[in-house]
Amino acid sequence: MERREAIKKLQELVGQELHELASEYGVTIYRNDKVNKGWAGHVFERHLGLPLNSAQCPNFGSWELKSIPLKFKKSGELAFKETMAITMIDSVNVCQKEFEDSHLLAKLKKAVIVARTVGSHVDQPSYIHSVTGIELSEELYEAVKADYNFVRNTLLDPKKGFNALTGKMGFYIQPRTKGQGHGSTSRAFYARPRFLACFINLSVSPQAG
DNA sequence: CTATGATCATCC
DNA sequence: GGATGATCATAG
């Protein structure tokens with residue numbers, strides 16, 4: 001399936017309620033009393049008829065699927081609720097590869113982002129807001145590259161290294177813990193709301209109309 | 001257990 | 001409200 005084809009398919013979902021889609025595709029939202037935090041993404045993958053897997057390489061060949069939650073501020077405006085996980089940070093890999101060969105850039109260039117509105121709780125209905133692809137402008141490219149190199153330099157620094165990475169780093173892209181249980185041993189690249197705002201127009205809301 | 005999916009809980 | 005670290009489901 002081509003990226004453009006996938007975007008088209010996903011855009012058919014705009015305005016639909018995610019919980020309904022989840023039950024339709026048999027995606028787990030609740031397991032006992034716990035929430036499956038990746039359910040939203042699974043729903044979209046199911047919609048495209050894709051299998052769930054955890055490979056770091058793009059599942060769909062030429063592109064990557066991502067989803068991001070949006071929330072309504074008191075003013076009624078829409079805002080990003082969370083940062084978006086991009087890809088795992090492999091210390092060795094990052095140290096060896098320049099930005100242009102990195103997983104980070106590869107993922108960003110192939111990403112297809114599904115924005116969806118959420119309430120104050122998981123039980124609140126969630127509607128698909130929009131579907132969009134990432135297009136890095138020169139400015140953005142340089143900015144992201146700077147963040148990547150910042151992480152890279154930290155890893156290369158004998159006095160710092162992998163454990164020195166924290167979510168405080170990075171302007172557009174931040175390194176952050178991501179793993180099971182306390183004391184996560186792994187880190188991943190996350191896109192800050194600031195970065196996402198460059199691609200997603202929050203002033204356009206299907207609901208507010 | 002680790003990697004990927006993305007959100008929850010908590011601190012400021 | 002925004003940012004940072006922790007957490008849960010699924011697949012191998």
Side-chain angles (χ1 to χ4, degrees), chain A residues 6 10 18-19 21-23 25-48 50-60 63-94 103-104 106-108 110-129 131 147 151 162-197 200 202:
Chain A
L10 289 170
L18 219 53
H19 289 75
L21 292 175
S23 66
Y25 292 116
V27 174
T28 302
I29 297 181
Y30 282 109
R31 182 72 173 183
N32 297 321
D33 276 335
K34 303 299 182 181
V35 184
N36 168 14
K37 299 180 180 178
W39 73 275
H42 293 166
V43 170
F44 299 128
E45 295 188 344
R46 293 287 193 193
H47 176 71
L48 295 173
L50 300 166
L52 269 44
N53 75 59
S54 57
Q56 185 172 39
C57 58
N59 302 333
F60 325 126
W63 52 279
E64 182 81 8
L65 179 63
K66 297 291 178 188
S67 101
I68 181 75
L70 305 177
K71 66 179 177 181
F72 286 102
K73 294 194 294 189
K74 288 186 177 180
S75 61
E77 292 177 58
L78 223 41
F80 292 100
K81 183 190 177 191
E82 299 284 347
T83 48
M84 180 185 78
I86 301 175
T87 189
M88 289 295 289
I89 295 178
D90 180 333
S91 182
V92 179
N93 185 300
V94 174
H103 275 302
L104 177 61
K107 292 262 185 177
L108 290 179
K110 298 171 182 174
V112 172
I113 302 178
V114 178
R116 59 191 198 79
T117 62
V118 299
S120 55
H121 192 274
V122 207
D123 288 330
Q124 300 295 317
S126 178
Y127 296 96
I128 289 133
H129 170 272
V131 180
D147 283 339
V151 170
F162 195 76
N163 292 319
L165 296 177
T166 84
K168 296 173 185 168
M169 307 164 86
F171 183 67
Y172 279 126
I173 307 297
Q174 63 172 340
R176 198 155 144 205
T177 59
K178 176 188 191 344
Q180 284 191 323
H182 186 72
S184 307
T185 57
S186 55
R187 297 283 194 293
F189 283 114
Y190 280 78
R192 292 176 181 278
R194 159 112 223 216
F195 178 73
L196 299 171
I200 302 173
L202 297 181

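Residue numbers begin at 1 in each chain, while the letters A, B, ... track the order of the sequences.
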Given atom [atom1] of [X] and atom [atom2] of [N], what is their separation to the nearest angstrom?
{"X": "A:Y25", "N": "B:dG5", "atom1": "OH", "atom2": "C1'", "result": "18 Å"}
{"X": "A:L165", "N": "C:dG5", "atom1": "CG", "atom2": "P", "result": "10 Å"}
{"X": "A:H42", "N": "B:dT7", "atom1": "NE2", "atom2": "P", "result": "11 Å"}
{"X": "A:K66", "N": "B:dA6", "atom1": "NZ", "atom2": "C1'", "result": "9 Å"}
{"X": "A:R192", "N": "C:dT4", "atom1": "CZ", "atom2": "C1'", "result": "9 Å"}
{"X": "A:F189", "N": "B:dA6", "atom1": "CZ", "atom2": "C1'", "result": "18 Å"}

Shorter than 3.5 Å, N or O on both sides, protein versus nucleotides 9-11 of chain B: list them out with atom names.
none

How would you label the contact of [X] with the nucleic acid (heavy atoms, under 4.0 Å): base, sugar-phosphate, or nothing?
{"X": "A:G38", "value": "base"}
{"X": "A:R116", "value": "sugar-phosphate"}
{"X": "A:I86", "value": "sugar-phosphate"}
{"X": "A:Y190", "value": "base"}
{"X": "A:T166", "value": "sugar-phosphate"}

Check this one for me: any side-chain N or O of [X] less than 4.0 Å away from OP1 or OP2 of [N]?
{"X": "A:T28", "N": "C:dT10", "result": "yes"}
{"X": "A:Q174", "N": "C:dA3", "result": "no"}
{"X": "A:K178", "N": "B:dT2", "result": "no"}

Residue whose nearest DNA chain C nucleotide is more 5′ - A:K73 or A:K168: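 Closer to the 5' end of DNA chain C: A:K73.
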For residues [X] and [Y], report the shortest heavy-atom separation together with the two atoms involved.
{"X": "A:G170", "Y": "A:R192", "answer": "O-NE, 3.0 Å"}
{"X": "A:I173", "Y": "A:D147", "answer": "N-OD2, 3.0 Å"}
{"X": "A:P193", "Y": "A:T83", "answer": "CD-CG2, 3.8 Å"}
{"X": "A:A6", "Y": "A:L48", "answer": "O-CD2, 4.1 Å"}

Test for a donor-acceptor pair under 3.5 Å between the base of C:dG1 and the side chain of A:K71, counting only N and O atoms.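 Result: no qualifying N/O pair found.
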